[in-house]
Amino acid sequence: MAEHLKVDLDQVDRVSTNLYSIARKLESAQADADQLASAIPVEELADASIDFAGKWDDRRKELIEQVTSLQKEARAFVEAFTQVDSELAAALTRPPQAAPAAGHGGHGGQTAY
């Protein structure tokens, strides 16, 4: 019984794109917190917003690294499968190559056994 591998490369590509977007959003979180704090008229709440954003900087950096790594792996997956698929399709559609003619090899047209 033959086994089949089905991969929705468009879906994996969308995952890669979404992961890229998530990483960029995480990178801009500090700037967003600063903008939010400047819009909060109550100083204590504005300070709390900045404090919260600052406290999870290390965790956010870890998340960015992990999400970026997953994004790169998804992108590499799509590229690798696309390349293999193209190579297999080319191999299946390429006309067969002729075998080398008999008698070549310096034996005067005779085959040595």
Same cluster (ILVMFWY, side-chain, under 4.5 Å), I64 and V67: yes
Check against side-chain hydrogen bond (donor to acceptor under 3.5 Å, both in side chains), E79 and Q83: CA-CA 6 Å; E79 290 172 359; Q83 179 180 350; over 6 Å; no
Greater than 12 external heavy atoms within 6.0 Å of E87's CD: yes
L92: side-chain contact (heavy atoms from CB on, under 4.5 Å) partners, not counting sequence neighbours: none
From CG (L9) to CZ (R14), nearest 0.5 Å: 10.5 Å
Joint hydrophobic cluster, L26 plus L19, side-chain heavy atoms closer than 4.5 Å: yes
With R59 via salt bridge (charged side-chain N to carboxylate O under 4.0 Å, His left out) - residues at least two apart: E62
Non-hydrogen atoms of A23 and T68 that approach each other most closely: CB-OG1, 3.7 Å
Distance, nearest 0.5 Å, that separates CD of E44 from CG of D51: 13.0 Å
Shared hydrophobic cluster for L70 and I22 (ILVMFWY, side-chain gaps under 4.5 Å): yes
pair I40-L36: side-chain heavy atoms closer than 4.5 Å: yes
Single-linkage hydrophobic cluster, 4.5 Å side-chain cutoff, L63 and V15 together: yes
Same apolar cluster (I L V M F W Y, side chains within < 4.5 Å links), L88/L5: no
Among V78, V84, D85, side-chain contact (heavy atoms from CB on, under 4.5 Å) partner for T82: V78
Derivation of the side chain to side chain contact (heavy atoms under 4.5 Å, CB included) call for V7 and F77: CA-CA 10 Å; V7 178; F77 181 88; 3.5 Å; yes
